[in-house]
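Just below is one structure, and these are the notes that go with it.
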Amino acid sequence: MWFFFALLTALAWGGADLFYKKGSDSKDKYSHLKIVVMVGLVMGIHATGYMLYEGLIFRPSDMLKYLPVSSLYILSMTIGYIGLRYLELSIASPVQNSSGAITAVLVFIFFPQPVDTLHIIGIIIISLGVIGIAVVEKQIENATLRLNNTEIDKKYQLGFMAIVFPIAYALIDGAGTFADAIYLDELKLITEDAALLAYEYTFFICAVITYIYLKVIKKETFSIFKERDKACAAILETIGQFFYVFAMSSYAIIAAPMIASYSIFSIILSRIFLKEKLSPKQYIVITVVMLGIVLLGIADA
């Protein structure tokens with residue numbers, strides 16, 4: 001079932017990525033914090049509903065136990081939200097999508113386990129494809145800017161701000177996913193349900209603190225009922241998180257790179273719902289990644 005859960009996670013997060021980009025405002029310096037509020041709010045609602053529906057008991061000790069993982073994820077996501085303001089000018093976007101490969105390498109090094117040839121080929125194809133699609137998108141973006149005679153500000157193209165966010169995201173998210181693999185798959189330190197509730201309630205607490213900061217300290221005008229794109233992103237993010245914990249608890253070393261391919265699904269969804277045109281190179285890379293996913297599915301059959 002890990003393959004099915006990983007695929008659903010990638011689809012949900014691909015959709016979330018679509019709405020993150022739509023809901024991110026490069027002119028709003030608090031845009032990333034508003035996304036944190038929306039995601040945390042939806043996760044808190046989901047955690048409560050899921051707990052009541054399943055008759056689960058939430059233990060604050062689980063939230064403390066899982067805090068190292070939750071902190072890494074929330075930090076990486078916040079950094080990613082900030083990076084959305086620079087994403088269109090960043091030459092380092094391929095790095096951001098490599099966190100799944102980082103996790104797979106870390107798991108393989110610290111927890112050696114038998115992986116058959118088909119799985120290895122699938123992981124390599126998907127990882128190279130994810131990086132490849134980011135490179136292609138950057139090439140297309142640069143070509144469009146040149147065509148429109150738009151001058152790229154060097155401080156964003158080659159500067160610290162453009163480089164630090166994708167690198168930080170990849171490293172921290174990769175570390176978080178590795179920690180998750182330890183907690184859920186390798187050492188079984190916490191159950192899937194407990195991890196889900198712990199993470200979502202931790203994110204909810206962060207959202208409440210962030211909302212108070214925006215409204216009380218910064219006096220920022222912010223209505224959660226008017227943030228449609230951010231709300232859609234938050235809902236899809238939460239759906240993906242639900243399936244993610246079950247995928248990671250079963251076969252983390254394979255699931256992590258596959259889930260990292262969600263950027264491919266974001267592009268496909270953009271083509272379907274936003275009618276964006278894709279270049280031949282994009283179609284080729286998407287086909288390559290889908291081939292890798294099919295290979296993992298065959299290997300898991």
Side-chain angles (χ1 to χ4, degrees), residues 1-2 5-6 8-10 12-13 16 32-33 35-81 99-100 102-103 106-107 110-111 169 171-213 224 230-231 233-253 255-256 259-260 262:
M1 288 294 289
W2 72 266
F5 290 141
L8 289 176
T9 302
W13 282 353
H32 60 292
L33 295 181
I35 296 176
V36 170
V37 171
M38 296 304 298
V39 173
L41 175 62
V42 172
M43 284 194 175
I45 293 172
H46 173 263
T48 302
Y50 182 67
M51 179 178 61
L52 294 176
Y53 179 79
E54 293 291 336
L56 303 174
I57 298 176
F58 172 67
R59 297 179 177 85
S61 59
D62 287 334
M63 192 160 62
L64 292 175
K65 181 190 298 183
Y66 199 64
L67 189 59
V69 182
S70 299
S71 299
L72 288 169
Y73 277 147
I74 295 172
L75 177 59
S76 68
M77 289 175 68
T78 304
I79 289 173
Y81 300 151
S99 59
I102 292 174
T103 301
L106 289 174
V107 172
F110 290 97
F111 297 95
Y169 175 90
L171 293 176
I172 297 174
D173 186 69
T177 310
F178 174 60
D180 225 358
I182 295 174
Y183 272 71
L184 293 173
D185 187 16
E186 301 299 337
L187 301 184
K188 305 292 185 182
L189 299 176
I190 192 170
T191 65
E192 294 94 333
D193 287 335
L196 182 66
L197 294 180
Y199 175 67
E200 292 190 336
Y201 276 131
T202 301
F203 214 133
F204 176 72
I205 292 172
C206 291
V208 171
I209 295 173
T210 303
Y211 182 79
I212 294 173
Y213 171 77
I224 60 176
K230 292 183 178 67
I235 291 171
L236 289 168
E237 179 72 42
T238 303
I239 292 173
Q241 183 63 36
F242 175 77
F243 293 114
Y244 170 83
V245 294
F246 294 101
M248 290 295 292
S249 67
S250 302
Y251 210 168
I253 191 172
I259 292 171
Y262 70 86

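Heads up: numbering here begins at 1 and tracks the sequence.
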Out of curiosity, [X] [atom1] to [Y] [atom2], how far, rounded to the nearest 0.5 Å?
{"X": "Tyr201", "Y": "Phe58", "atom1": "OH", "atom2": "CZ", "answer": "7.0 Å"}
{"X": "Thr202", "Y": "Met63", "atom1": "OG1", "atom2": "CE", "answer": "5.0 Å"}
{"X": "Thr177", "Y": "Ile253", "atom1": "OG1", "atom2": "CD1", "answer": "13.0 Å"}
{"X": "Leu33", "Y": "Thr210", "atom1": "CG", "atom2": "OG1", "answer": "6.0 Å"}
{"X": "Phe203", "Y": "Ser71", "atom1": "CZ", "atom2": "OG", "answer": "11.5 Å"}
{"X": "Thr238", "Y": "Phe242", "atom1": "OG1", "atom2": "CZ", "answer": "11.5 Å"}

Check: [Y] main-chain N/O paired with [X] side-chain donor or acceptor under 3.5 Å:
{"X": "Thr103", "Y": "Gly174", "answer": "yes"}
{"X": "Asp173", "Y": "Ser76", "answer": "no"}
{"X": "Trp2", "Y": "Phe246", "answer": "no"}

Does a side-chain heavy-atom distance below 4.5 Å link [X] with [Y]?
{"X": "Val36", "Y": "Tyr81", "result": "yes"}
{"X": "Tyr50", "Y": "Asp193", "result": "yes"}
{"X": "Phe178", "Y": "Phe111", "result": "yes"}
{"X": "Leu197", "Y": "Asp62", "result": "no"}
{"X": "Phe243", "Y": "Met248", "result": "no"}

Q. Does atom CG of Leu187 have more than 12 heavy-atom neighbours, drawn from other residues, nucleotides or ligands, at distances under 6.0 Å?
A. yes
[X] versus [Y], closest heavy-atom pair with distance:
{"X": "Cys206", "Y": "Ile74", "result": "SG-CD1, 4.1 Å"}
{"X": "Leu72", "Y": "Ala179", "result": "CD1-CB, 4.4 Å"}
{"X": "Gly176", "Y": "Val69", "result": "O-CG1, 3.9 Å"}
{"X": "Ala6", "Y": "Ala247", "result": "N-CB, 3.7 Å"}
{"X": "Asp185", "Y": "Ser250", "result": "OD1-O, 3.8 Å"}
{"X": "Ala16", "Y": "Leu236", "result": "N-CD1, 3.6 Å"}

Q: Name all residues meeting the ring pair (Phe, Tyr, Trp, His ring centres under 6.0 Å) criterion together with Tyr73; count only those two or more places apart in sequence or in a different chain, and write none if there are none.
A: Tyr199, Tyr244
(Q) Go through it in stages, so that I can follow the logic: the residues are Ile239 and Trp13, the test is side chain to side chain contact (heavy atoms under 4.5 Å, CB included), and I'd like the CA-CA distance, side-chain angles, deciding distance and then a yes or no. (A) CA-CA 8 Å; Ile239 292 173; Trp13 282 353; over 6 Å; no
Q. Among Thr191, Ile190, Leu184, whose side-chain contact (heavy atoms from CB on, under 4.5 Å) with Val245 holds?
A.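 Output: one option passes, namely Leu184.
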Q. Among all residues two or more places apart in sequence or in another chain, which pass the side chain to side chain donor-acceptor pair (under 3.5 Å) test with Ser249?
A.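 Checked Ser249 against side chain to side chain donor-acceptor pair (under 3.5 Å); matches are Glu192.
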Q. Do Met77 and Glu237 pass the side chain to side chain contact (heavy atoms under 4.5 Å, CB included) test, and can you show the C-alpha distance, the side-chain angles, and the key distance before you say yes or no?
A. CA-CA 11 Å; Met77 289 175 68; Glu237 179 72 42; 3.5 Å; yes
Q: Start with the C-alpha distance between Tyr262 and Thr9, add both sets of side-chain angles, then the distance that settles side chain to side chain contact (heavy atoms under 4.5 Å, CB included), and finish with yes or no.
A: CA-CA 8 Å; Tyr262 70 86; Thr9 302; over 6 Å; no
Using residues 37-46 as the side-chain source, report each donor-acceptor pair under 3.5 Å to any protein atom, sequence neighbours left out, with the distance given to one decimal.
unit_1, atom_1, unit_2, atom_2, d
His46, ND1, Glu200, OE1, 2.8
His46, ND1, Glu200, OE2, 3.1

